[in-house]
Amino acid sequence: MSGHVEDILMGEETLFKNIAAFNPDYIPENYLHRESQMEALALCLRPALKGGKPVNSVVMGSPATGKTTAIHKIFEMVEGRSEKLVCAYVNCQLYNTRFNIFSQIYQHIFGHIPPETGVPFSRIYGEIMKKLAQEGKALVVALDDINHLFYSKNANQILYDILRAHEVFPGARTGVFAIISDIEFRYMLDKNVSSVFIPQEIVFDPYTFQEIK
Ligand SMILES: Nc1ncnc2c1ncn2[C@@H]1O[C@H](COP(=O)(O)OP(=O)(O)OP(=O)(O)O)[C@@H](O)[C@H]1O
Ligand SMILES: [Mg+2]
């Protein structure tokens, strides 16, 4: 009996060439059929590499159309090639409060999370913006599965915090990539946000049978 159980645990037999490809955080080496979307994302980021600000965008498409993968790929490319633009990725399903989202951005910039207790939001926010200003860097924040911020009614405040940073910190150059998997999802933004968030729409169509093959 125990020998059989051990065989199951330790057996070498498998149907899969690379079972890690099924892990949620797996990033494929070969990412095909998304050239036009990757180009559109690159065009949104380019101004920020030249001293301007990133172009805001909404990335839309059904589940499993490669949106998250595209963002990871393009962010990795930018950060590997330029010091001028900080690319922070936030999974809004996991982080959906103002404090948690800016803690993620803080961690990306400073390499450690801010202390959990006793630090007000405004301090974290200020430190992020000051550091970017000191180093002359722009910031783009990818809010993946941003629909979760609408359920928790935090979307307007967080977009406002990111996009109107220049009002409190002159020279701040910030942008947002909002990623939504539900195409039917209609997002409602307050006037003070919609005046600064006029996003470029980048659509991820479902893959064709041929592409999937
Ligand atoms: N063009 C592609 N080539 C190879 N693998 C891909 C491609 N597109 C997607 N995948 C793989 O399919 C899975 C789903 O992709 P991804 O998570 O990027 O989709 P998504 O659009 O973000 O989905 P969701 O809306 O559910 O978050 C991942 O494992 C990803 O690596
Ligand atoms: Mg995704």
Side-chain angles (χ1 to χ4, degrees), residues 14-46 48 54-81 85-98 100-108 139-156 158-159 161-163 174-189 197 199-213:
T14 176
L15 279 175
F16 305 106
K17 246 192 237 166
N18 175 14
I19 202 165
F22 288 98
N23 294 351
D25 55 357
Y26 176 76
I27 298 182
E29 195 91 359
N30 298 311
Y31 178 63
L32 302 176
H33 311 300
R34 288 306 187 209
E35 291 80 11
S36 71
Q37 287 84 355
M38 291 290 281
E39 282 169 21
L41 290 168
L43 285 171
C44 289
L45 295 176
R46 185 162 62 178
V55 175
N56 297 315
S57 76
V58 169
V59 172
M60 300 189 278
S62 317
T65 49
K67 302 179 299 295
T68 300
T69 308
I71 297 292
H72 282 308
K73 288 256 174 203
I74 196 91
F75 276 13
E76 203 179 86
M77 259 184 182
V78 169
E79 294 211 317
R81 285 170 177 72
L85 173 59
V86 173
C87 299
Y89 171 87
V90 180
N91 177 341
C92 298
Q93 194 164 0
L94 295 178
Y95 306 100
N96 54 30
T97 65
R98 213 178 169 204
N100 287 344
I101 287 175
F102 278 88
S103 293
Q104 288 299 110
I105 300 169
Y106 183 101
Q107 179 177 28
H108 187 76
L139 170 70
V140 65
V141 182
L143 297 172
D144 201 358
D145 296 316
I146 193 175
N147 41 309
H148 291 275
L149 299 189
F150 288 91
Y151 308 144
S152 61
K153 311 231 183 300
N154 287 331
N156 282 296
I158 288 157
L159 289 172
D161 290 333
I162 299 170
L163 297 173
T174 51
V176 167
F177 285 179
I179 299 126
I180 307 180
S181 67
D182 186 352
I183 296 247
E184 294 303 312
F185 188 81
R186 292 278 168 268
Y187 43 97
M188 299 286 295
L189 296 172
F197 189 62
Q200 167 97 25
E201 293 190 354
I202 302 175
V203 178
F204 282 62
D205 295 316
Y207 292 117
T208 62
F209 283 122
Q210 204 51 43
E211 287 169 342
I212 291 170
K213 189 162 170 242

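Ligands are counted one by one from 1 in listed order, and the atoms in each one are counted from 1 as well. Remember, it's a predicted structure, so these values are computed and weren't measured experimentally. Scope of the values below: all heavy atoms of this structure, side chains included, with no hydrogens, waters or symmetry mates.
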Between Lys213 (side chain only) and Thr208 (backbone N and O only), is there a donor and an acceptor less than 3.5 Å apart?
no
Okay, side chain of Glu201, backbone of Met60: is any donor-acceptor separation there less than 3.5 Å?
no
Nearest heavy-atom contact between Tyr95 and Leu149 is O-CD2, 4.3 Å
Tell me if a side-chain donor or acceptor on Thr174 pairs with a main-chain N or O of Ile162 at a distance below 3.5 Å.
yes
Hey, is the main chain of Val203 close enough, under 3.5 Å, to the side chain of Gln37 for a donor-acceptor pair?
yes
Students often mix this up, so state it plainly: with edges at 30° and 60°, are the rings of His72 and Tyr89 parallel, tilted or perpendicular?
tilted
Does the Arg34 side chain pair with the main chain of Thr65, one donor and one acceptor, at a distance under 3.5 Å?
yes
CZ-CD distance between Arg81 and Glu76, expressed to the nearest 0.5 angstrom
9.5 Å
Around ligand 1, what residues show up once you keep those with a heavy atom under 4.0 Å from it?
Tyr26, Pro28, Asn30, Tyr31, Leu32, Ser62, Pro63, Ala64, Thr65, Gly66, Lys67, Thr68, Thr69, Ser181, Tyr207
Main-chain N/O of Phe197 paired to Asn56 side chain as donor or acceptor, under 3.5 Å:
no
Return the number of protein N, O or S atoms with a distance to the Mg ion (ligand 2) smaller than 2.8 Å.
1
